[in-house]
Amino acid sequence: QVQLVESGGGLVQPGGSLRLSCAASGSIFSIPAMRWYRQAPGKERELVAAITSSGGTNYADSVKGRFTISRDNAKTSVYLQMNSLKPEDTAVYYCNADVLLVIGGVVGSWGQGTQVAVSS
């Protein structure tokens with residue numbers, strides 16, 4: 001079906017930067033939208049950023065001006081450039097995509113998550 005694989009997480013000091021990547025593979029016809037979610041300890045999963053195939057973007061208020069979401073030319077990968085990281089950005093970050101399958105139908109696909117820790 002569809003597989004999403006995240007990479008790029010790790011430990012970084014406050015004020016530092018990380019770049020997360022997510023690659024989609026499988027019997028994909030198109031991916032109209034891709035998103036990054038995150039879930040911090042003791043909190044609900046929240047939408048961090050979203051991007052459509054046309055390039056439109058949306059960000060959570062907490063990351064506006066610091067994070068940038070982008071896609072590759074093939075629209076099968078999504079990236080999250082995270083700058084000026086804060087301890088409250090610590091969370092498991094999940095890639096999510098709306099996927100139109102070659103055989104027909106639409107599925108919501110999730111990656112396994114990648115840990116981001118912001119600490120001195």
Side-chain angles (χ1 to χ4, degrees):
Q1 194 184 47
V2 178
Q3 183 179 17
L4 300 180
V5 180
E6 300 105 330
S7 63
L11 175 64
V12 65
Q13 295 185 14
S17 298
L18 284 174
R19 182 176 174 86
L20 305 183
S21 299
C22 173
S25 61
S27 299
I28 299 168
F29 180 78
S30 66
I31 306 178
M34 302 188 82
R35 309 172 185 88
W36 286 99
Y37 286 79
R38 69 185 181 188
Q39 188 164 22
K43 296 187 177 181
E44 296 183 354
R45 187 173 298 187
E46 65 173 342
L47 177 64
V48 177
I51 187 167
T52 67
S53 58
S54 63
T57 59
N58 286 288
Y59 298 92
D61 288 342
S62 60
V63 306
K64 286 181 179 177
R66 300 189 297 119
F67 291 10
T68 302
I69 189 170
S70 61
R71 296 178 71 165
D72 66 351
N73 291 334
K75 310 298 183 183
T76 53
S77 295
V78 64
Y79 309 93
L80 187 67
Q81 179 66 46
M82 305 185 293
N83 299 325
S84 302
L85 283 163
K86 305 174 180 179
E88 49 263 46
D89 294 319
T90 296
V92 177
Y93 284 71
Y94 297 91
C95 179
N96 167 260
D98 299 330
V99 181
L100 276 60
L101 302 176
V102 171
I103 62 173
V106 181
V107 297
S109 186
W110 291 88
Q112 292 294 111
T114 185
Q115 176 71 57
V116 172
V118 185
S119 176
S120 297

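For the single chain, residues carry numbers from 1 onward in sequence order. All heavy atoms count here, side chains included; hydrogens, waters and symmetry mates do not.
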Point to revise | Which atom of Y59 lies closest to which atom of F67, heavy atoms considered | key: CE2-O, 3.3 Å
**Study point:** For the student: nearest non-hydrogen atoms of V48 and Y37, plus distance
**Key:** CG2-C, 3.9 Å
Point to revise | Under 4.5 Å side-chain linkage, directly or through intermediates, the cluster mates of L11 | key: none
Review point. Salt bridge (Lys or Arg N to Asp or Glu O under 4.0 Å): which pairs involve residues 21-36, sequence neighbours left out?
Key: R35-D98
Point to revise | Pairs touching residues 5-21 that satisfy salt bridge (Lys or Arg N to Asp or Glu O under 4.0 Å), sequence neighbours left out | key: none
Using the test side-chain hydrogen bond (donor to acceptor under 3.5 Å, both in side chains), find all partners of [X] that sit at least two apart in sequence or belong to another chain.
X	value
R71	none
S17	N83
D89	R38, R66
S54	T52

Please tabulate, one pair per line, all N/O donor-acceptor pairs under 3.5 Å involving side-chain atoms of residues 106-114, not counting sequence neighbours.
| residue | atom | partner | partner atom | Å |
| --- | --- | --- | --- | --- |
| T114 | OG1 | G9 | N | 3.2 |

Practice item. Can you sort out the partners of V92 under side chain to side chain contact (heavy atoms under 4.5 Å, CB included), two or more places apart, ordered by chain and number? Key: Y94, Q115
**Study point:** Residue pairs fulfilling disulfide bond (SG atoms under 2.5 Å apart) with at least one residue in residues 30-63, sequence neighbours excluded
**Key:** none
Review point. Disulfide bond (SG atoms under 2.5 Å apart): which pairs involve residues 61-102, sequence neighbours left out?
Key: C22-C95
Exercise for review: Consider only side-chain heavy atoms of I, L, V, M, F, W and Y, link residues closer than 4.5 Å, and tell whether M82 and Y79 are in one cluster.
Suggested key: no
Check your understanding: If Ile, Leu, Val, Met, Phe, Trp and Tyr residues are connected whenever their side-chain heavy atoms lie under 4.5 Å apart, and connections chain through other members, are L80 and I51 in the same group?
Key -> yes
Quiz: residues 23-32 side-chain donor-acceptor pairs under 3.5 angstrom, not counting sequence neighbours:
none

Check your understanding: Given V118 and K86, is the side-chain contact (heavy atoms from CB on, under 4.5 Å) satisfied, shown in steps?
Key -> CA-CA 6 Å; V118 185; K86 305 174 180 179; 5.5 Å; no
Study note, to complete from the structure: To the nearest 0.5 Å, atom CG of L4 lies from atom CG of N96 at 7.5 Å
